[in-house]
Amino acid sequence: MTAIKVLLVDDDPLVRAGLSLMLGGAEDIEIAGQAGDGCEVLALVDRLAPDVVLMDIRMPTVDGLTATELLRARAGAPEVILLTTFHADEQVLRALRAGAAGFVLKDTQPAEIVDAVRKVAAGVPVLSPTVTRQLISRVAGDDSRQDRSRRARERLEVLGEREREVAVAVGRGKSNADIAADLYMSVATVKTHVSRVLAKLELNNRVQIALLTHDAGWLLDDE
């Protein structure tokens with residue numbers, strides 16, 4: 001079994017030491033390296049090729065949000081999980097739009113953080129449907145909302161009818177099994193549609209599909 005390589009990024013050495021001890025105790029996880037600031041991330045990713053970057057949002061020079069945007073804009077970038085001391089807000093939404101696979105609170109139980117790393121490495125976002133819905137409901141209703149909605153609708157025009165139905169279901173936080181039951185298709189077919197939606201929209205994960213469908217106003221019946 002190939003171990004999941006993790007890069008730890010946090011400006012607090014005690015937090016890094018705790019995470020290293022916690023994750024390093026799992027047989028299927030390897031701590032590839034550590035960094036104290038987001039400015040070190042790109043170079044370390046190039047050198048260490050981690051599968052997952054576990055990174056604090058708040059750091060003094062380059063914060064986790066900026067580092068995530070820079071990293072996920074590159075081809076073949078590793079998945080990113082953000083560490084935070086606060087719950088859903090616009091900063092977390094910004095990170096998810098940039099392609100982060102999710103976030104965990106720093107007071108999360110150790111076993112849950114280990115499980116989050118495993119899920120993200122397997123391509124599964126670490127946000128539950130409930131958390132996803134809480135996040136998208138917090139999108140700021142500022143002057144940019146109308147422009148964001150228009151841009152979202154324009155991007156979604158490339159989807160076929162069935163792909164749109166699947167995208168809406170993903171936006172509502174439904175699992176592949178639930179989507180299959182609702183739309184009378186196999187789970188394998190749902191997975192194929194989700195993959196096509198991600199490819200056509202040039203997105204990284206299901207959370208970004210949810211945010212985009214929310215921006216477009218496709219989930220208004222839920223609000």
Side-chain angles (χ1 to χ4, degrees), residues 4-11 32-84 86 88-104 116-117 119-127 131-132 135-136 138-140 142 144-145 147-159 163 167 170-171 194-216:
I4 301 166
K5 297 173 64 176
V6 178
L7 173 64
L8 302 177
V9 187
D10 195 297
D11 61 325
Q34 300 184 28
D37 195 271
C39 65
E40 304 172 61
V41 170
L42 296 184
L44 283 174
V45 166
D46 287 341
R47 180 161 62 88
L48 302 173
D51 302 299
V52 177
V53 177
L54 185 58
M55 179 159 50
D56 190 17
I57 282 186
R58 295 175 176 173
M59 291 181 287
T61 306
V62 175
D63 62 35
L65 295 170
T66 301
T68 298
E69 290 170 342
L70 293 172
L71 182 60
R72 293 299 299 175
R74 305 168 73 189
E79 299 291 353
V80 176
I81 302 175
L82 289 164
L83 288 166
T84 178
F86 52 89
D89 70 2
E90 191 64 23
Q91 285 187 307
V92 174
L93 282 165
R94 174 185 160 193
L96 294 176
R97 292 185 194 282
F103 74 97
V104 294
V117 168
K119 285 182 177 178
V120 165
V124 180
V126 295
L127 296 173
V131 174
T132 300
L135 281 170
I136 62 178
R138 293 287 296 271
V139 176
D142 56 23
S144 66
R145 177 68 183 270
D147 288 340
R148 189 165 59 234
S149 178
R150 175 182 53 79
R151 291 195 301 270
R153 287 193 179 99
E154 289 175 352
R155 290 184 66 185
L156 290 164
E157 286 179 356
V158 301
L159 300 183
E163 291 165 345
V170 170
V194 171
S195 296
R196 287 175 179 168
V197 170
L198 290 170
K200 284 187 175 182
L201 299 176
E202 298 182 345
L203 300 176
N204 296 294
N205 55 52
R206 297 167 73 98
V207 176
Q208 288 183 309
I209 295 176
L211 292 172
L212 194 61
T213 55
H214 175 273
D215 286 346

Practice task
Could you tell me whether Lys200 atom NZ has more than 12 heavy atoms of other residues or ligands within 6.0 Å of it?
Solution key: yes
Practice task
Check step by step if side chain to side chain contact (heavy atoms under 4.5 Å, CB included) holds for Leu71 and Leu42.
Solution key: CA-CA 6 Å; Leu71 182 60; Leu42 296 184; 3.9 Å; yes
Quick one, [X] and [Y] - any side-chain contact, counting heavy atoms below 4.5 Å?
X	Y	answer
Leu7	Pro78	no
Leu203	Arg155	yes
Leu201	Gln208	no
Leu83	Val104	yes
Val9	Asp56	no

Minimum heavy-atom distance between [X] and [Y], given as atom pair plus value:
X	Y	answer
Val170	Ala210	O-CB, 4.3 Å
Leu44	Ala35	CD1-CB, 3.5 Å
Gly64	Leu82	O-CD2, 4.0 Å
Leu198	Asn205	CD2-O, 3.5 Å
Leu159	Ala167	CD1-CB, 4.1 Å
Val41	Ala67	CG2-CB, 4.4 Å

Euclidean distance, [Y] [atom2] relative to [X] [atom1], rounded to 0.5 Å:
X	Y	atom1	atom2	result
Ile4	Glu79	CD1	CD	11.5 Å
Asp63	Cys39	CG	SG	11.0 Å
Leu212	Arg153	CG	CZ	11.0 Å
Asp215	Leu211	CG	CG	6.5 Å

Problem - Donor-acceptor contact below 3.5 Å, side chain Arg72 vs main chain Ala77 - result: yes
Exercise for the section: Output yes when a side-chain donor or acceptor of Asp37 lies under 3.5 Å from a complementary backbone atom of Thr61, and no otherwise. Expected result: yes
Problem - Under-4.0 Å salt bridge between Arg74 and Asp46 - result: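 Asp46 and Arg74: salt-bridged.
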Practice task
Give a yes or no on whether a salt bridge exists between Arg150 and Glu154, defined as a side-chain N under 4.0 angstrom from a carboxylate O.
Solution key: yes
Exercise for the section: Report the C-alpha separation of Lys5 and Asp51 in whole Å, then their side-chain angles, then the decisive distance to 0.1 Å, and conclude whether the side chain to side chain contact (heavy atoms under 4.5 Å, CB included) test is met. Expected result: CA-CA 5 Å; Lys5 297 173 64 176; Asp51 302 299; 3.6 Å; yes
Problem - Name of the residue among Leu48, Leu54, Val52 meeting side-chain contact (heavy atoms from CB on, under 4.5 Å) with Pro50 - result: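 With Pro50 as partner, side-chain contact (heavy atoms from CB on, under 4.5 Å) holds for just one option, Leu48.
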